[in-house]
Protein chains: 2
Amino acid sequence: MPLKPNETRLRAPSARSLETRTRIVDAAERLFAARGYDGTSMRDIATEADVHVGLVSHHGGNKIALFHYTVGRRAGELSQRRVDALEQMKAKGDLTVADVLRCFVDPLLTLSQEGGPQWRAYARLVAYVSADDRWRTLAEVCFDPAAQKFVDELVALKPDRSRALAAATLVYTVSALLAQITSSWRIDALAGERSIRFQQHRKMLLDFCVAGAERLLD
Amino acid sequence: MPLKPNETRLRAPSARSLETRTRIVDAAERLFAARGYDGTSMRDIATEADVHVGLVSHHGGNKIALFHYTVGRRAGELSQRRVDALEQMKAKGDLTVADVLRCFVDPLLTLSQEGGPQWRAYARLVAYVSADDRWRTLAEVCFDPAAQKFVDELVALKPDRSRALAAATLVYTVSALLAQITSSWRIDALAGERSIRFQQHRKMLLDFCVAGAERLLD
DNA sequence: CCTTGTTTTGAACGTATGTCCAATATACAC
DNA sequence: GTGTATATTGGACATACGTTCAAAACAAGG
(Lines give C-alpha, C1' and ligand atoms only; values in the text may rest on other atoms or scores of the structure.)
Protein backbone atom coordinates (compact mmCIF):
# COMPACT_ATOMS: atom_id res chain seq x y z
CA MET A 1 0.00 0.00 0.00
CA PRO A 2 1.61 3.27 -1.10
CA LEU A 3 1.69 6.20 1.26
CA LYS A 4 0.58 8.51 -1.52
CA PRO A 5 -1.31 6.92 -4.40
CA ASN A 6 0.01 7.37 -7.95
CA GLU A 7 3.34 8.48 -6.65
CA THR A 8 5.76 8.37 -9.56
CA ARG A 9 9.37 8.75 -8.55
CA LEU A 10 12.60 8.78 -10.47
CA ARG A 11 14.75 8.19 -7.42
CA ALA A 12 14.36 6.06 -4.35
CA PRO A 13 13.57 8.02 -1.17
CA SER A 14 16.59 8.80 0.94
CA ALA A 15 17.15 7.22 4.32
CA ARG A 16 16.45 10.51 6.04
CA SER A 17 13.23 10.89 4.10
CA LEU A 18 12.07 7.42 5.09
CA GLU A 19 12.84 8.18 8.71
CA THR A 20 10.76 11.36 8.51
CA ARG A 21 7.91 9.40 6.93
CA THR A 22 8.03 6.93 9.79
CA ARG A 23 8.11 9.68 12.40
CA ILE A 24 5.04 11.24 10.82
CA VAL A 25 3.06 8.01 10.59
CA ASP A 26 4.06 7.00 14.11
CA ALA A 27 2.89 10.37 15.39
CA ALA A 28 -0.35 10.02 13.45
CA GLU A 29 -0.83 6.55 14.89
CA ARG A 30 -0.49 7.80 18.44
CA LEU A 31 -2.76 10.80 17.97
CA PHE A 32 -5.45 9.10 15.89
CA ALA A 33 -5.56 6.34 18.50
CA ALA A 34 -5.80 8.77 21.40
CA ARG A 35 -8.13 11.43 19.99
CA GLY A 36 -9.76 9.92 16.91
CA TYR A 37 -9.81 11.24 13.38
CA ASP A 38 -11.64 14.50 13.97
CA GLY A 39 -9.87 15.15 17.25
CA THR A 40 -6.50 15.13 15.53
CA SER A 41 -5.33 17.96 13.26
CA MET A 42 -2.58 17.84 10.68
CA ARG A 43 -0.80 20.46 12.75
CA ASP A 44 -1.05 18.26 15.85
CA ILE A 45 0.61 15.47 13.89
CA ALA A 46 3.31 17.81 12.61
CA THR A 47 4.06 19.01 16.12
CA GLU A 48 4.07 15.48 17.55
CA ALA A 49 6.44 14.36 14.78
CA ASP A 50 8.54 17.53 15.22
CA VAL A 51 8.15 18.39 11.57
CA HIS A 52 6.81 21.20 9.42
CA VAL A 53 3.09 21.16 8.60
CA GLY A 54 3.60 20.94 4.86
CA LEU A 55 5.73 17.85 5.31
CA VAL A 56 2.81 15.87 6.68
CA SER A 57 0.90 16.44 3.47
CA HIS A 58 4.03 15.87 1.39
CA HIS A 59 4.69 12.46 2.93
CA GLY A 60 1.24 11.34 3.93
CA GLY A 61 -0.99 12.86 1.28
CA ASN A 62 -4.19 14.39 2.54
CA LYS A 63 -5.61 13.67 5.96
CA ILE A 64 -7.86 10.79 5.03
CA ALA A 65 -5.16 9.08 2.98
CA LEU A 66 -2.81 9.37 5.93
CA PHE A 67 -5.44 7.85 8.21
CA HIS A 68 -6.07 4.95 5.86
CA TYR A 69 -2.36 4.33 5.53
CA THR A 70 -1.87 4.49 9.30
CA VAL A 71 -4.59 1.93 9.93
CA GLY A 72 -3.45 -0.29 7.09
CA ARG A 73 0.26 -0.20 7.84
CA ARG A 74 0.22 -2.82 10.58
CA ALA A 75 -2.99 -4.57 9.55
CA GLY A 76 -1.14 -6.96 7.27
CA GLU A 77 1.36 -7.97 9.91
CA LEU A 78 -1.40 -8.46 12.47
CA SER A 79 -3.43 -10.64 10.14
CA GLN A 80 -0.30 -12.57 9.20
CA ARG A 81 0.51 -13.31 12.82
CA ARG A 82 -3.02 -14.49 13.43
CA VAL A 83 -3.13 -16.75 10.41
CA ASP A 84 0.38 -18.04 11.08
CA ALA A 85 -0.56 -18.95 14.63
CA LEU A 86 -3.57 -20.81 13.30
CA GLU A 87 -1.51 -22.71 10.72
CA GLN A 88 1.09 -23.70 13.26
CA MET A 89 -1.61 -24.89 15.64
CA LYS A 90 -3.22 -26.92 12.89
CA ALA A 91 0.12 -28.53 12.06
CA LYS A 92 0.43 -29.73 15.63
CA GLY A 93 -2.75 -31.76 15.52
CA ASP A 94 -6.50 -31.45 15.78
CA LEU A 95 -7.85 -27.99 16.58
CA THR A 96 -10.30 -27.12 19.30
CA VAL A 97 -12.57 -24.08 19.48
CA ALA A 98 -10.33 -22.78 22.24
CA ASP A 99 -7.29 -23.07 19.96
CA VAL A 100 -8.95 -21.04 17.23
CA LEU A 101 -9.90 -18.22 19.58
CA ARG A 102 -6.47 -18.19 21.20
CA CYS A 103 -4.82 -17.82 17.80
CA PHE A 104 -7.07 -14.87 17.03
CA VAL A 105 -6.82 -13.13 20.39
CA ASP A 106 -3.24 -13.67 21.44
CA PRO A 107 -1.35 -11.80 18.72
CA LEU A 108 -3.02 -8.43 19.26
CA LEU A 109 -3.24 -8.90 23.02
CA THR A 110 0.43 -9.75 23.32
CA LEU A 111 1.57 -7.05 20.90
CA SER A 112 -0.46 -4.42 22.71
CA GLN A 113 1.20 -5.40 25.95
CA GLU A 114 4.72 -6.29 24.90
CA GLY A 115 5.14 -4.91 21.39
CA GLY A 116 6.24 -1.45 22.50
CA PRO A 117 4.33 1.84 22.64
CA GLN A 118 3.57 1.92 18.91
CA TRP A 119 1.78 -1.41 18.96
CA ARG A 120 -0.06 -0.30 22.08
CA ALA A 121 -1.20 2.77 20.17
CA TYR A 122 -2.11 0.68 17.15
CA ALA A 123 -4.25 -1.65 19.24
CA ARG A 124 -6.22 1.35 20.44
CA LEU A 125 -6.50 2.52 16.84
CA VAL A 126 -7.95 -0.84 15.86
CA ALA A 127 -10.51 -0.48 18.62
CA TYR A 128 -11.39 3.02 17.42
CA VAL A 129 -11.80 1.95 13.81
CA SER A 130 -13.81 -1.11 14.76
CA ALA A 131 -16.20 0.90 16.88
CA ASP A 132 -17.03 3.64 14.39
CA ASP A 133 -19.49 3.00 11.61
CA ARG A 134 -17.75 5.68 9.60
CA TRP A 135 -14.74 3.40 9.06
CA ARG A 136 -16.83 0.38 8.27
CA THR A 137 -15.43 -0.30 4.81
CA LEU A 138 -11.90 0.43 5.99
CA ALA A 139 -12.34 -2.10 8.78
CA GLU A 140 -13.77 -4.61 6.32
CA VAL A 141 -10.76 -4.25 4.05
CA CYS A 142 -8.18 -4.41 6.83
CA PHE A 143 -9.59 -6.96 9.22
CA ASP A 144 -12.38 -8.97 7.66
CA PRO A 145 -10.27 -11.24 5.44
CA ALA A 146 -8.51 -12.74 8.46
CA ALA A 147 -11.73 -12.78 10.45
CA GLN A 148 -13.43 -14.72 7.67
CA LYS A 149 -10.73 -17.38 7.87
CA PHE A 150 -11.32 -17.81 11.57
CA VAL A 151 -15.07 -18.04 11.08
CA ASP A 152 -14.42 -20.64 8.39
CA GLU A 153 -12.28 -22.57 10.84
CA LEU A 154 -14.99 -22.52 13.48
CA VAL A 155 -17.56 -23.67 10.93
CA ALA A 156 -15.26 -26.47 9.80
CA LEU A 157 -14.86 -27.52 13.41
CA LYS A 158 -18.61 -27.55 14.08
CA PRO A 159 -20.21 -28.20 10.70
CA ASP A 160 -23.64 -28.89 12.14
CA ARG A 161 -23.91 -25.38 13.61
CA SER A 162 -25.03 -22.33 11.67
CA ARG A 163 -22.46 -19.86 10.35
CA ALA A 164 -24.28 -17.09 12.20
CA LEU A 165 -23.27 -18.67 15.50
CA ALA A 166 -19.62 -18.76 14.48
CA ALA A 167 -19.79 -15.17 13.27
CA ALA A 168 -21.40 -14.00 16.50
CA THR A 169 -18.76 -15.86 18.48
CA LEU A 170 -15.99 -14.03 16.68
CA VAL A 171 -17.62 -10.60 16.96
CA TYR A 172 -18.24 -10.97 20.69
CA THR A 173 -14.69 -12.21 21.15
CA VAL A 174 -13.26 -9.27 19.24
CA SER A 175 -15.32 -6.85 21.31
CA ALA A 176 -14.13 -8.38 24.56
CA LEU A 177 -10.56 -8.35 23.31
CA LEU A 178 -10.74 -4.67 22.41
CA ALA A 179 -12.40 -3.92 25.74
CA GLN A 180 -9.55 -5.69 27.46
CA ILE A 181 -7.03 -3.57 25.58
CA THR A 182 -8.74 -0.20 25.98
CA SER A 183 -10.55 -0.64 29.29
CA SER A 184 -8.62 -2.96 31.55
CA TRP A 185 -8.52 -0.04 33.97
CA ARG A 186 -12.29 -0.34 34.15
CA ILE A 187 -12.08 -3.94 35.27
CA ASP A 188 -9.59 -2.88 37.92
CA ALA A 189 -11.83 0.00 38.99
CA LEU A 190 -14.95 -2.15 39.31
CA ALA A 191 -12.90 -4.79 41.10
CA GLY A 192 -11.53 -2.21 43.51
CA GLU A 193 -8.04 -3.59 42.93
CA ARG A 194 -4.93 -1.91 41.62
CA SER A 195 -3.68 -3.10 38.23
CA ILE A 196 -4.34 -6.79 37.99
CA ARG A 197 -1.50 -8.62 36.25
CA PHE A 198 -1.54 -8.97 32.48
CA GLN A 199 -1.51 -12.76 32.49
CA GLN A 200 -4.53 -12.81 34.80
CA HIS A 201 -6.42 -10.47 32.48
CA ARG A 202 -5.48 -12.66 29.54
CA LYS A 203 -6.70 -15.77 31.28
CA MET A 204 -10.03 -14.20 32.25
CA LEU A 205 -10.61 -12.96 28.72
CA LEU A 206 -9.87 -16.31 27.11
CA ASP A 207 -11.85 -18.31 29.69
CA PHE A 208 -14.85 -16.05 29.13
CA CYS A 209 -14.72 -16.18 25.35
CA VAL A 210 -13.97 -19.89 25.08
CA ALA A 211 -16.85 -20.74 27.37
CA GLY A 212 -19.16 -18.49 25.36
CA ALA A 213 -17.95 -20.00 22.11
CA GLU A 214 -18.46 -23.55 23.32
CA ARG A 215 -21.97 -22.71 24.51
CA LEU A 216 -22.87 -21.28 21.11
CA LEU A 217 -21.18 -23.97 19.04
CA ASP A 218 -21.42 -27.23 21.00
CA MET B 1 -29.25 17.96 35.98
CA PRO B 2 -29.73 21.45 34.56
CA LEU B 3 -29.12 22.10 30.89
CA LYS B 4 -27.18 25.24 31.74
CA PRO B 5 -25.65 25.43 35.21
CA ASN B 6 -26.45 28.39 37.45
CA GLU B 7 -29.42 29.30 35.38
CA THR B 8 -31.50 31.78 37.36
CA ARG B 9 -34.90 32.46 35.90
CA LEU B 10 -37.80 34.59 36.99
CA ARG B 11 -40.31 32.85 34.75
CA ALA B 12 -40.84 29.25 33.81
CA PRO B 13 -39.75 28.39 30.26
CA SER B 14 -42.58 28.45 27.76
CA ALA B 15 -43.86 25.29 26.10
CA ARG B 16 -42.38 26.38 22.80
CA SER B 17 -39.02 26.97 24.42
CA LEU B 18 -39.05 23.52 25.98
CA GLU B 19 -39.87 21.99 22.64
CA THR B 20 -36.93 23.82 21.05
CA ARG B 21 -34.65 22.57 23.83
CA THR B 22 -35.75 19.01 23.18
CA ARG B 23 -35.26 19.38 19.44
CA ILE B 24 -31.73 20.63 20.04
CA VAL B 25 -30.76 17.88 22.47
CA ASP B 26 -32.34 15.21 20.26
CA ALA B 27 -30.36 16.52 17.30
CA ALA B 28 -27.19 16.59 19.39
CA GLU B 29 -27.87 13.02 20.51
CA ARG B 30 -28.17 11.79 16.94
CA LEU B 31 -25.10 13.63 15.69
CA PHE B 32 -22.83 12.95 18.66
CA ALA B 33 -23.76 9.26 18.38
CA ALA B 34 -23.10 9.13 14.64
CA ARG B 35 -19.98 11.30 14.35
CA GLY B 36 -18.58 11.68 17.84
CA TYR B 37 -17.83 14.84 19.76
CA ASP B 38 -15.18 16.31 17.46
CA GLY B 39 -17.00 15.23 14.32
CA THR B 40 -20.06 17.24 15.29
CA SER B 41 -20.13 21.04 15.16
CA MET B 42 -22.53 23.34 16.89
CA ARG B 43 -23.65 24.44 13.45
CA ASP B 44 -24.37 20.84 12.48
CA ILE B 45 -26.57 20.52 15.53
CA ALA B 46 -28.34 23.79 14.74
CA THR B 47 -29.04 22.65 11.18
CA GLU B 48 -30.22 19.20 12.30
CA ALA B 49 -32.53 20.82 14.85
CA ASP B 50 -33.66 23.41 12.29
CA VAL B 51 -32.70 26.22 14.59
CA HIS B 52 -30.42 29.24 14.65
CA VAL B 53 -26.78 28.67 15.74
CA GLY B 54 -26.98 31.00 18.69
CA LEU B 55 -29.96 29.10 20.05
CA VAL B 56 -27.87 25.99 20.58
CA SER B 57 -25.60 27.89 22.92
CA HIS B 58 -28.55 29.66 24.51
CA HIS B 59 -30.34 26.42 25.37
CA GLY B 60 -27.46 24.00 25.69
CA GLY B 61 -24.63 26.11 27.05
CA ASN B 62 -21.27 25.52 25.50
CA LYS B 63 -20.46 22.45 23.49
CA ILE B 64 -19.04 20.33 26.27
CA ALA B 65 -21.90 21.12 28.61
CA LEU B 66 -24.35 20.12 25.89
CA PHE B 67 -22.48 16.87 25.37
CA HIS B 68 -22.50 16.05 29.07
CA TYR B 69 -26.18 16.83 29.29
CA THR B 70 -26.96 14.73 26.23
CA VAL B 71 -25.14 11.72 27.65
CA GLY B 72 -26.60 12.21 31.10
CA ARG B 73 -30.18 12.84 30.06
CA ARG B 74 -31.14 9.19 29.59
CA ALA B 75 -28.47 7.66 31.84
CA GLY B 76 -30.69 7.87 34.89
CA GLU B 77 -33.62 6.18 33.20
CA LEU B 78 -31.38 3.45 31.83
CA SER B 79 -29.81 2.74 35.21
CA GLN B 80 -33.25 2.80 36.82
CA ARG B 81 -34.60 0.24 34.37
CA ARG B 82 -31.62 -2.00 35.02
CA VAL B 83 -31.86 -1.81 38.78
CA ASP B 84 -35.64 -2.18 38.69
CA ALA B 85 -35.35 -5.32 36.59
CA LEU B 86 -32.88 -6.68 39.12
CA GLU B 87 -35.12 -5.88 42.08
CA GLN B 88 -38.14 -7.47 40.44
CA MET B 89 -36.13 -10.56 39.63
CA LYS B 90 -34.90 -10.78 43.21
CA ALA B 91 -38.45 -10.51 44.49
CA LYS B 92 -39.45 -13.52 42.46
CA GLY B 93 -36.98 -15.85 44.14
CA ASP B 94 -33.34 -16.84 44.12
CA LEU B 95 -31.17 -15.20 41.49
CA THR B 96 -28.85 -16.94 39.08
CA VAL B 97 -25.86 -15.48 37.30
CA ALA B 98 -27.89 -15.61 34.11
CA ASP B 99 -30.64 -13.55 35.74
CA VAL B 100 -28.21 -10.82 36.76
CA LEU B 101 -26.74 -10.51 33.28
CA ARG B 102 -30.15 -10.54 31.65
CA CYS B 103 -31.30 -7.68 33.89
CA PHE B 104 -28.24 -5.68 32.89
CA VAL B 105 -28.32 -6.43 29.18
CA ASP B 106 -31.99 -6.47 28.32
CA PRO B 107 -33.00 -2.87 29.07
CA LEU B 108 -30.50 -1.24 26.72
CA LEU B 109 -30.80 -3.97 24.13
CA THR B 110 -34.57 -3.74 24.02
CA LEU B 111 -34.65 0.05 24.11
CA SER B 112 -32.14 0.26 21.27
CA GLN B 113 -34.32 -2.00 19.20
CA GLU B 114 -37.82 -1.00 20.20
CA GLY B 115 -37.48 2.33 22.00
CA GLY B 116 -37.63 4.45 18.87
CA PRO B 117 -34.90 6.21 16.91
CA GLN B 118 -33.78 8.38 19.82
CA TRP B 119 -33.04 5.42 22.06
CA ARG B 120 -31.27 3.76 19.17
CA ALA B 121 -29.10 6.86 18.83
CA TYR B 122 -28.55 6.97 22.57
CA ALA B 123 -27.38 3.38 22.65
CA ARG B 124 -24.76 4.26 20.06
CA LEU B 125 -23.81 7.27 22.15
CA VAL B 126 -23.30 5.03 25.16
CA ALA B 127 -21.02 2.84 23.07
CA TYR B 128 -19.08 5.90 21.92
CA VAL B 129 -18.63 7.26 25.43
CA SER B 130 -17.68 3.88 26.81
CA ALA B 131 -15.02 3.33 24.17
CA ASP B 132 -13.22 6.65 24.46
CA ASP B 133 -10.78 7.24 27.27
CA ARG B 134 -11.49 10.94 27.00
CA TRP B 135 -14.95 10.47 28.51
CA ARG B 136 -13.73 8.15 31.21
CA THR B 137 -14.92 10.22 34.16
CA LEU B 138 -18.20 11.01 32.43
CA ALA B 139 -18.77 7.29 31.90
CA GLU B 140 -17.89 6.60 35.51
CA VAL B 141 -20.43 9.13 36.73
CA CYS B 142 -23.20 8.01 34.39
CA PHE B 143 -22.82 4.25 34.27
CA ASP B 144 -20.57 2.96 37.04
CA PRO B 145 -23.01 3.29 39.95
CA ALA B 146 -25.40 0.81 38.35
CA ALA B 147 -22.53 -1.36 37.16
CA GLN B 148 -21.19 -1.53 40.70
CA LYS B 149 -24.54 -2.83 41.93
CA PHE B 150 -24.45 -5.62 39.39
CA VAL B 151 -20.89 -6.55 40.31
CA ASP B 152 -21.99 -6.58 43.95
CA GLU B 153 -24.83 -8.90 43.02
CA LEU B 154 -22.48 -11.29 41.23
CA VAL B 155 -20.10 -11.25 44.17
CA ALA B 156 -22.98 -11.96 46.56
CA LEU B 157 -24.01 -14.85 44.38
CA LYS B 158 -20.52 -16.35 44.24
CA PRO B 159 -18.85 -15.18 47.45
CA ASP B 160 -15.92 -17.56 47.11
CA ARG B 161 -14.79 -15.97 43.81
CA SER B 162 -12.68 -12.85 43.55
CA ARG B 163 -14.28 -9.52 42.77
CA ALA B 164 -11.95 -9.16 39.81
CA LEU B 165 -13.69 -12.08 38.13
CA ALA B 166 -17.10 -10.48 38.60
CA ALA B 167 -15.79 -7.15 37.31
CA ALA B 168 -14.26 -8.78 34.25
CA THR B 169 -17.50 -10.62 33.60
CA LEU B 170 -19.44 -7.38 33.57
CA VAL B 171 -16.94 -5.51 31.38
CA TYR B 172 -16.84 -8.29 28.79
CA THR B 173 -20.62 -8.48 28.84
CA VAL B 174 -20.96 -4.74 28.34
CA SER B 175 -18.52 -4.84 25.43
CA ALA B 176 -20.41 -7.65 23.75
CA LEU B 177 -23.69 -5.83 24.34
CA LEU B 178 -22.39 -2.65 22.76
CA ALA B 179 -20.91 -4.64 19.88
CA GLN B 180 -24.31 -6.21 19.37
CA ILE B 181 -25.92 -2.77 19.24
CA THR B 182 -23.39 -1.05 17.01
CA SER B 183 -22.10 -3.94 14.91
CA SER B 184 -24.83 -6.49 14.41
CA TRP B 185 -24.36 -5.85 10.69
CA ARG B 186 -20.87 -7.24 11.13
CA ILE B 187 -22.21 -10.51 12.47
CA ASP B 188 -24.55 -10.66 9.51
CA ALA B 189 -21.70 -9.88 7.11
CA LEU B 190 -19.38 -12.53 8.51
CA ALA B 191 -22.24 -14.98 8.57
CA GLY B 192 -23.09 -14.20 4.96
CA GLU B 193 -26.74 -13.85 5.89
CA ARG B 194 -29.07 -10.91 5.54
CA SER B 195 -30.28 -9.33 8.79
CA ILE B 196 -30.65 -12.07 11.32
CA ARG B 197 -33.69 -11.53 13.54
CA PHE B 198 -33.40 -9.44 16.68
CA GLN B 199 -34.49 -12.23 19.01
CA GLN B 200 -31.86 -14.53 17.57
CA HIS B 201 -29.17 -11.91 18.12
CA ARG B 202 -30.39 -11.41 21.67
CA LYS B 203 -30.28 -15.13 22.38
CA MET B 204 -26.77 -15.52 20.98
CA LEU B 205 -25.51 -12.57 23.02
CA LEU B 206 -27.00 -13.82 26.27
CA ASP B 207 -25.92 -17.42 25.72
CA PHE B 208 -22.37 -16.29 25.05
CA CYS B 209 -22.14 -13.98 28.05
CA VAL B 210 -23.89 -16.30 30.49
CA ALA B 211 -21.60 -19.17 29.55
CA GLY B 212 -18.57 -16.93 29.93
CA ALA B 213 -19.81 -15.66 33.27
CA GLU B 214 -20.45 -19.16 34.60
CA ARG B 215 -16.99 -20.28 33.51
CA LEU B 216 -15.39 -17.38 35.36
CA LEU B 217 -17.54 -17.57 38.45
CA ASP B 218 -18.44 -21.22 38.99
C1' DC C 1 -51.52 48.93 25.96
C1' DC C 2 -47.37 48.84 28.19
C1' DT C 3 -43.77 46.67 30.80
C1' DT C 4 -40.79 43.04 31.67
C1' DG C 5 -38.46 38.91 30.99
C1' DT C 6 -37.53 35.37 27.54
C1' DT C 7 -36.76 33.51 23.09
C1' DT C 8 -34.99 34.16 18.60
C1' DT C 9 -32.31 36.44 15.03
C1' DG C 10 -28.37 38.44 12.58
C1' DA C 11 -23.91 39.02 12.50
C1' DA C 12 -19.56 39.47 14.02
C1' DC C 13 -15.16 38.04 16.82
C1' DG C 14 -10.75 35.60 16.93
C1' DT C 15 -8.89 31.32 16.12
C1' DA C 16 -8.05 26.82 13.99
C1' DT C 17 -8.53 23.99 10.24
C1' DG C 18 -6.92 21.37 5.59
C1' DT C 19 -4.59 22.34 1.66
C1' DC C 20 -1.63 24.43 -1.49
C1' DC C 21 2.55 26.71 -3.62
C1' DA C 22 6.75 29.24 -4.42
C1' DA C 23 11.28 29.24 -2.26
C1' DT C 24 15.21 27.16 -0.39
C1' DA C 25 17.96 23.31 1.16
C1' DT C 26 19.55 18.74 0.61
C1' DA C 27 21.09 14.52 -1.60
C1' DC C 28 22.66 11.91 -5.26
C1' DA C 29 24.05 10.71 -10.44
C1' DC C 30 27.12 11.90 -13.67
C1' DG D 1 31.54 20.32 -9.49
C1' DT D 2 27.20 20.55 -11.95
C1' DG D 3 22.59 19.41 -12.67
C1' DT D 4 18.42 17.45 -11.25
C1' DA D 5 15.08 15.31 -8.44
C1' DT D 6 13.59 15.17 -3.87
C1' DA D 7 12.99 17.03 0.88
C1' DT D 8 12.05 20.84 3.63
C1' DT D 9 10.61 25.50 4.80
C1' DG D 10 7.71 29.59 5.15
C1' DG D 11 3.69 31.37 4.43
C1' DA D 12 -0.54 32.07 2.44
C1' DC D 13 -5.49 30.58 0.96
C1' DA D 14 -10.32 30.04 1.94
C1' DT D 15 -13.24 27.93 4.98
C1' DA D 16 -15.09 26.27 9.33
C1' DC D 17 -15.11 26.49 14.09
C1' DG D 18 -17.06 27.92 19.11
C1' DT D 19 -18.58 31.75 21.21
C1' DT D 20 -20.54 36.33 22.02
C1' DC D 21 -23.76 40.27 21.79
C1' DA D 22 -26.89 43.77 20.51
C1' DA D 23 -31.13 44.08 18.58
C1' DA D 24 -35.59 42.25 17.32
C1' DA D 25 -39.65 39.23 18.07
C1' DC D 26 -42.38 37.14 21.31
C1' DA D 27 -45.16 35.92 25.51
C1' DA D 28 -47.53 37.11 29.59
C1' DG D 29 -49.10 39.94 33.71
C1' DG D 30 -50.59 44.25 35.13
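Note that the structure is a prediction, hence the values are computed from the model and not measured. Each chain gets a letter, A, B and so on, in the order its sequence line appears, and its residues count up from 1.
Salt bridge absent: B:D99 and B:K90 never bring a charged side-chain N and a carboxylate O closer than 4.0 Å.
At C:dT7, none of the side-chain N or O atoms of B:T20 fall inside 4.0 Å of OP1 or OP2 (strictly under the cut-off). Dashed line: the shortest gap from a side-chain N or O of B:R43 to OP1 or OP2 of C:dA11 is not under 4.0 Å. Within the structure, every side-chain polar atom (N or O) of A:R21 is placed at least 4.0 Å from both OP1 and OP2 of D:dT8. For B:S17, no side-chain nitrogen or oxygen approaches OP1 or OP2 of C:dT6 to under 4.0 Å. A:S41 has no side-chain polar atom (N or O) that falls below the 4.0 Å cut-off from OP1 or OP2 of C:dA16.
Atom-to-atom, NE2 of B:H59 to P of C:dT6 comes out at 13 Å; the value is rounded to the nearest Å. Between A:L55 atom CG and C:dT19 atom P there is a gap of 15 Å when expressed in whole angstrom units. Put simply, CD on A:E19 is 12 Å from P on C:dA27, counting in whole angstrom units. With rounding to whole Å, A:L18 atom CG is found 13 Å from C:dA27 atom C1'. Rounded to whole angstrom, the span from the CZ atom of A:R23 across to the P atom of D:dA7 amounts to 14 Å. Note: CG (A:L31) to C1' (C:dT17) measures 15 Å, nearest angstrom. Taking atom CD1 of B:I64 as the reference point, atom P of D:dC17 lies 17 Å away to the nearest angstrom. For A:H52 and D:dT6, the NE2 to C1' distance is 16 Å, given to the nearest whole Å.
Judged by distance alone, the side chains of A:R30 and A:Q118 do bring a donor and an acceptor atom under 3.5 Å apart.
Residue contacts for B:T8: at a heavy-atom cut-off of 4.0 Å it reaches no nucleic acid atom on any strand shown.
The base of C:dT7 does not come close enough to the side chain of B:R16 for any donor and acceptor atom to sit less than 3.5 Å apart.
Residues A:G54 and B:G61 both approach DNA chain D. Their nearest nucleotides, taken by heavy-atom distance, put A:G54 toward the 5′ side.
Judged by distance alone, with hydrogens and angles left aside, the side-chain atoms of A:H58 form no donor-acceptor pair with the main-chain N or O of A:G54 at under 3.5 Å. Judged purely by atom type and a 3.5 angstrom limit, A:K63 has no side-chain atom pairing as donor or acceptor with the backbone of A:S57.
Set against C:dT19, D:dC17, D:dT8, the side chain of A:K63 has C:dT19 as its closest nucleotide. Candidate nucleotides C:dT7, D:dT19, D:dT6 were compared by shortest atom distance to the side chain of B:H58, and C:dT7 ranks first. Minimum atom distance to the side chain of B:L10 is reached by C:dG5, of the listed C:dG5, C:dG18, D:dT6. Nearest nucleotide to the side chain of A:M42, out of C:dG5, C:dT19, C:dT17: C:dT19.
Within the 4.5 Å cutoff, no side-chain heavy atoms of B:R186 are placed close to those of B:Q180.
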